[in-house]
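A short worksheet on the structure shown next.
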Amino acid sequence: MCTMNMITSQVYVISLILLSVTTIEARSNFLHIRFNSTRVSPSCSTYSDIPLVDPIKADIRTLTDDLSKCRYSSSDLVRWYISRIEEVNGQGPHPLHAVIEINPDALDIADALDIERQIYGTTRSSLHGIPILIKDNIATDDKMETTSGSLALVGSRVPRDAFVVERLRKAGAIILGKASLSEWSNFKADNTTRAGWSARGGLASSAYVADGNPGGSSSGSAIATSAGLCAAAIGTETCGSTVVPTGRANIVGLKPTVGLTSRSGVIPVSLDHDTIGPMGKTVEDVARLLEVIQSADSRDNMTQKAGIVRHQNYTQFLQGISGLRNLRLGVVRQGLNMSQEKTDRVQQAIDVLRLHGAIVIDPVNVTGLDDGNLTNYLETIMSYNFRKDLRNYLSELRNTSIRSLKDIIEFNNEHADKEFHKEYSPNQNAFITAENGTNLTADQYVALYDRTRHMGGHDGIDATLNEYELHALIVPDPEHEITVFASFAGYPLIVVPLGFNQSNNEPYGLMFAGTAWSESTLLRVAHGFEQAFPVRNTIRPKYAERHSAIYEFLFKIIEYFRKLFNDLKVIL
C-alpha cells in the first residue's frame with residue numbers, strides 16, 4: 001500500500017521532471033524532449049527552451065511571483081519570448097508581423113536585473129525584470145530604431161529615450177523590442193482596406209483569425225500581448241489606436257486622459273489629442289503599467305497643467321466583483337450596428353453587472369453623437385497640428401536629412417515601390433493635405449478646437465454623466481463615435497474582453513468611458529467586470545504558436561503538477 005510520503009515523493013519527482021524540460025522539438029510525426037539535470041542555477045535560470053509558464057495566459061502578477069520565488073529568471077523570460085517571436089512573427093504559415101525589431105541588448109539587460117535582484121534581494125517595482133514591447137513611434141536611445149514603421153527614418157538617431165521609456169527602465173522593465181503599427185499611426189493614407197501595415201514591418205495580422213484585421217494603429221502592441229510574445233505592451237492613441245486593436249486582440253487596453261502620461265519622445269499626430277497607454281492581459285497589468293508610466297514631464301506641457309489627478313497606486317482601485325456595487329453606469333446605444341449575436345452578448349454583460357450590484361441605465365443619450373461631421377472635424381484638427389508637431393520632433397533627430405513633412409512626402413515618392421501598397425497604403429493623401437494646409441487661420445483652429453472639446457466633453461460625455469448621475473458609460477463597441485468624443489475632449493477609455501464571434505473566434509471587447517482623470521473609476525469598473533465575466537482564457541489565439549496543441553498540453557501538465565506540488569507542501 002502506498003503511503004502519503006511515497007505519493008509525495010512520486011509527485012515531487014514528476015514535478016521536477018516536468019519543470020526541468022529544456023528543449024522541445026515538434027515535427028510532423030514525433031515530439032522530442034530533452035531534460036536538464038539541474039533546473040535552477042544560483043541566478044534562478046533554468047536554461048529551459050520551453051517556457052515553464054504559459055506565455056499566452058501569464059500576466060505580470062504571475063511572472064513577478066515566479067521571479068520572486070526563483071522559479072526562473074528574467075533572462076529565461078527574455079529567451080522564451082524571443083524564441084516565440086522568432087517562431088511565429090515573421091515565418092510559418094501565418095506570420096503575425098507584430099514585432100518590428102528585437103532589442104539586441106535585451107538579454108544583457110535581463111542578466112543585469114537578475115543579478116541586481118539576487119545581490120540586493122529587492123526589486124525596483126512590480127515590473128522588475130518584466131519584458132515589455134513598445135510601439136515603434138516611441139523613442140529609445142539604444143541600438144533600436146524609432147521609425148513609426150517608415151523607411152524614411154531608418155538610421156536616424158533620437159536624442160534621448162521617450163519619457164515613458166525612461167520611466168519603464170527606471171522601474172526595471174526590460175524593453176524587449178518595438179511593436180509594429182499602422183505606418184505613421186495610420187495618418188498617411190486614405191482608402192486603406194485594413195490596419196496594421198507599414199513599409200518597415202509588413203502586414204500585421206490577428207493571432208486569432210487568418211489574415212485578420214488587427215485594428216490600428218497600435219496593432220503590433222495588441223497582437224504581441226494577446227499572442228504571448230511579451231508580458232505587456234505600450235501603445236499610443238489619437239483616436240481609437242489603442243482601444244480598437246485591444247478589442248480585437250482579447251486583451252485589456254487603457255487610453256489615459258491626455259496629460260496623464262507624457263508624449264515627449266513620441267512621434268506625434270496631434271499633441272492636442274495624443275496620449276500613451278498600457279495594454280495587458282488583465283486590468284491589473286494595465287494598472288501596474290500606468291503606475292509606472294504616468295508622471296509630470298518638463299518636456300510635455302500637458303502633463304504640468306493644473307487640475308491633473310494622479311495616483312501613485314492605481315491597483316488600489318481594483319476591488320474585484322465587490323467594486324461593482326452601487327456603481328451607476330449608462331449604456332450608449334446610439335449609432336450601434338452590431339450582429340444579434342453580439343447584441344445578446346452585450347445584454348449578458350449588462351445582466352452580470354446588475355447581478356453584482358451595479359445600477360445600469362439603458363439606454364442613455366449623448367448629445368451630438370449623431371453629427372455626421374465628427375470625423376471631418378477631427379481630421380481637420382489633426383491635419384492642422386501634424387505638420388508643426390512632426391517638424392518639432394524631427395528637429396531633434398541626428399543622422400538624418402528628414403526634417404519636415406515635405407521631406408517625408410518626397411522620400412515616399414522616391415521609394416514608391418516600398419512605401420506604398422495598393423491595398424494597405426495606396427497613397428499619402430493625409431500627408432499631402434496636412435502639408436498643403438487646411439485653410440484654417442490660427443484663430444479658426446482655436447475656435448474649432450474649443451468647439452469640439454466642448455462637444456466631446458462638457459456638452460457630450462460630461463453632460464450625460466451628470467444628467468443620469470453616472471460614474472461611467474458602457475459602450476458596447478470600441479469602434480464607436482464615443483472614441484471621437486474622447487479624442488476631442490482628451491478623456492480616458494478602457495476596453496476589456498467581451499466575447500468571440502461564433503463564426504471564426506475573432507475577439508471583441510466592451511468599452512467603458514469616463515470624464516477627465518477618471519482612470520481610477522474606469523479601472524474599478526473594468527476590474528469588477530473582468531472578474532465577474534471572465535473571457536480572456538476561454539479561447540486561445542490560434543496562430544500564437546506553430547505547435548499550439550502540443551504546447552497547450554504541456555503547459556496544462558506543468559501547471560497541474562505545479563499546483564499539486566504546492567498543495568501538498570501546504571498539507572505537509
Side-chain angles (χ1 to χ4, degrees), residues 90 97 99-109 132-170 173-188 197-202 217-218 220-221 234-236 262-271 274 276 297-300 385-420 425 428 430-432 434-435:
H97 295 301
V99 182
I100 208 167
E101 184 175 8
I102 295 173
N103 185 353
D105 294 325
L107 273 171
D108 291 338
I109 295 169
I132 304 294
L133 283 172
I134 61 172
K135 191 175 176 180
D136 183 44
N137 61 344
I138 302 175
T140 54
D141 187 16
D142 52 20
K143 295 175 184 176
M144 291 190 290
E145 305 273 2
T146 303
T147 69
S148 204
S150 171
L151 300 176
L153 294 186
V154 172
S156 64
R157 304 312 305 163
V158 300
R160 65 189 73 85
D161 280 337
F163 186 75
V164 292
V165 172
E166 179 184 322
R167 296 278 301 173
L168 286 166
R169 292 197 204 273
K170 185 177 180 181
I174 300 167
I175 308 300
L176 180 64
K178 294 292 185 73
S180 62
L181 70 164
S182 301
E183 189 173 326
W184 294 107
S185 294
N186 218 21
F187 194 70
K188 172 186 171 186
W197 185 88
S198 71
R200 183 170 171 235
S217 67
S218 300
S221 298
I234 303 296
T236 69
S262 169
R263 291 84 47 82
S264 68
V266 179
I267 299 174
V269 174
S270 170
L271 289 178
D274 295 344
I276 316 301
D297 174 17
S298 61
R299 291 190 173 92
D300 186 346
N385 283 335
F386 182 65
R387 181 173 60 171
K388 169 180 60 68
D389 292 343
L390 180 62
R391 183 176 64 245
N392 291 337
Y393 173 86
L394 296 173
S395 69
E396 290 196 294
L397 297 185
R398 308 186 307 274
N399 197 41
T400 183
S401 61
I402 302 294
R403 295 299 177 194
S404 67
L405 178 55
K406 182 179 179 181
D407 291 340
I408 296 169
I409 292 172
E410 292 176 354
F411 178 93
N412 291 341
N413 288 332
E414 292 169 2
H415 301 83
D417 59 326
K418 296 179 180 178
E419 274 293 343
F420 296 111
S425 186
Q428 52 182 338
F431 278 4
I432 292 170
E435 175 61 22

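The analysis underlying the following values was restricted to heavy atoms, covering all of them including side chains, and did not include hydrogens, waters or symmetry mates. In this text the structure is predicted, and so the values were computed from the model without any measurement.
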Checklist line | Any side-chain heavy-atom pair of R263 and I276 under 4.5 Å | finding: yes

Note to self: Which residue in the set S150, S218, S148, S185 passes side-chain hydrogen bond (donor to acceptor under 3.5 Å, both in side chains) when paired with N137?
What the structure shows: S185

Check: Are the side chain of E145 and the backbone of V154 linked by a donor-acceptor contact shorter than 3.5 Å?
Finding: no

Check: Which pairs with one or both residues in residues 392-409 pass salt bridge (Lys or Arg N to Asp or Glu O under 4.0 Å), sequence neighbours excluded?
Finding: R160-E396

Next item on the list: Apply the test side-chain contact (heavy atoms from CB on, under 4.5 Å) to residues I408 and W184: give CA-CA distance (whole Å), side-chain angles for both, the deciding distance (0.1 Å), then the verdict.
Entry: CA-CA 11 Å; I408 296 169; W184 294 107; 3.5 Å; yes

Notebook entry, point to check: Without hydrogens or angle criteria, can the side chains of K135 and T236 be said to hold a donor-acceptor pair below 3.5 Å?
Noted result: yes

Next item on the list: Give a yes or no answer on whether the side chain of N399 reaches the backbone of G155 with a donor-acceptor pair at less than 3.5 Å.
Entry: yes

Next item on the list: Dump the intermediate steps for salt bridge (charged side-chain N to carboxylate O under 4.0 Å, His left out) on D142 and R169, then the final yes or no.
Entry: CA-CA 12 Å; D142 52 20; R169 292 197 204 273; 3.0 Å; yes

Next item on the list: Using the test side chain to side chain contact (heavy atoms under 4.5 Å, CB included), find all partners of I102 that sit at least two apart in sequence or belong to another chain.
Entry: I82, I85, V99

Checklist line | Straight-line distance of I175 CD1 to L133 CG, nearest 0.5 Å | finding: 9.0 Å

Check: I138 versus V164: any side-chain heavy-atom pair under 4.5 Å?
Finding: yes

Next item on the list: Would you sort out whether N412 and K188 count as a side-chain contact (heavy atoms from CB on, under 4.5 Å), showing the intermediate values?
Entry: CA-CA 10 Å; N412 291 341; K188 172 186 171 186; 4.0 Å; yes

Note to self: Test your reading of the model: is there a side-chain donor-acceptor pair from S180 to the backbone of H97, 3.5 Å cut-off?
What the structure shows: yes

Margin query: Would you compute the distance between atom NZ of K388 and atom OG of S404 and round it to the nearest 0.5 angstrom?
Written below: 15.0 Å

Check: Do the side chains of I109 and N103 get nearer than 4.5 Å, heavy atoms only?
Finding: yes

Note to self: The criterion is side chain to side chain contact (heavy atoms under 4.5 Å, CB included); which residues satisfy it with N186, sequence neighbours excluded?
What the structure shows: S182, S217

Next item on the list: Over 60° means perpendicular and under 30° means parallel, so classify the ring planes of F386 and F431, tilted if in between.
Entry: parallel

Notebook entry, point to check: Measuring from T140:OG1 to D161:CG, what's the distance to the nearest 0.5 Å?
Noted result: 6.5 Å

Next item on the list: Determine, step by step, whether N413 and Q428 satisfy the side chain to side chain donor-acceptor pair (under 3.5 Å) criterion, reporting the C-alpha distance in whole Å, the side-chain angles of both residues, the deciding distance to 0.1 Å, and the verdict.
Entry: CA-CA 9 Å; N413 288 332; Q428 52 182 338; 3.1 Å; yes

Next item on the list: Any chance you could measure F187, atom CZ, to L390, atom CG, to the nearest 0.5 Å?
Entry: 10.0 Å

Item checked: Under 3.5 Å: donor-acceptor pair, side chain of E419, backbone of F411 -> no

Check: G220 and A179: which non-hydrogen atoms are nearest, and at how many Å?
Finding: C-CB, 3.7 Å

Margin query: My understanding is that only residues two or more places apart in sequence, or in another chain, count here; which of them pass side chain to side chain contact (heavy atoms under 4.5 Å, CB included) with S156?
Written below: L153, L397, T400

Notebook entry, point to check: Looking at side-chain heavy atoms only, is the closest gap between I174 and I132 below 4.5 Å?
Noted result: no

Note to self: Side chains of T147 and D136 only: does a donor on one sit below 3.5 Å from an acceptor on the other?
What the structure shows: yes

Item checked: Heavy-atom side-chain proximity of S198 to I100 below 4.5 angstrom -> yes

Note to self: Between F163 and R299, is there a side-chain heavy-atom distance shorter than 4.5 Å?
What the structure shows: no

Notebook entry, point to check: Checking side-chain contact (heavy atoms from CB on, under 4.5 Å) for the pair K418/L151: CA distance, chi angles, key distance, verdict?
Noted result: CA-CA 8 Å; K418 296 179 180 178; L151 300 176; 3.7 Å; yes

Item checked: For D297, salt bridge (charged side-chain N to carboxylate O under 4.0 Å, His left out) partners two or more places apart -> none

Note to self: A side-chain contact here means heavy atoms from C-beta on lying under 4.5 Å apart; do Y393 and V158 qualify?
What the structure shows: yes

Margin query: For a side-chain contact (heavy atoms from CB on, under 4.5 Å) check, start with the C-alpha distance between L168 and I134, then their side-chain angles and the critical distance, and finish with the verdict.
Written below: CA-CA 10 Å; L168 286 166; I134 61 172; 4.2 Å; yes

Checklist line | Shortest non-hydrogen contact between D105 and K143, atoms and distance | finding: OD1-NZ, 3.1 Å

Next item on the list: Can you sort out the partners of D389 under side chain to side chain contact (heavy atoms under 4.5 Å, CB included), two or more places apart, ordered by chain and number?
Entry: P268, L271, N385

Check: Can R200 and E101 be counted as an ion pair, charged N to O under 4.0 angstrom?
Finding: yes

Check: When rounded to the nearest 0.5 angstrom, what is the spacing between CG in L176 and CE in M144?
Finding: 8.5 Å

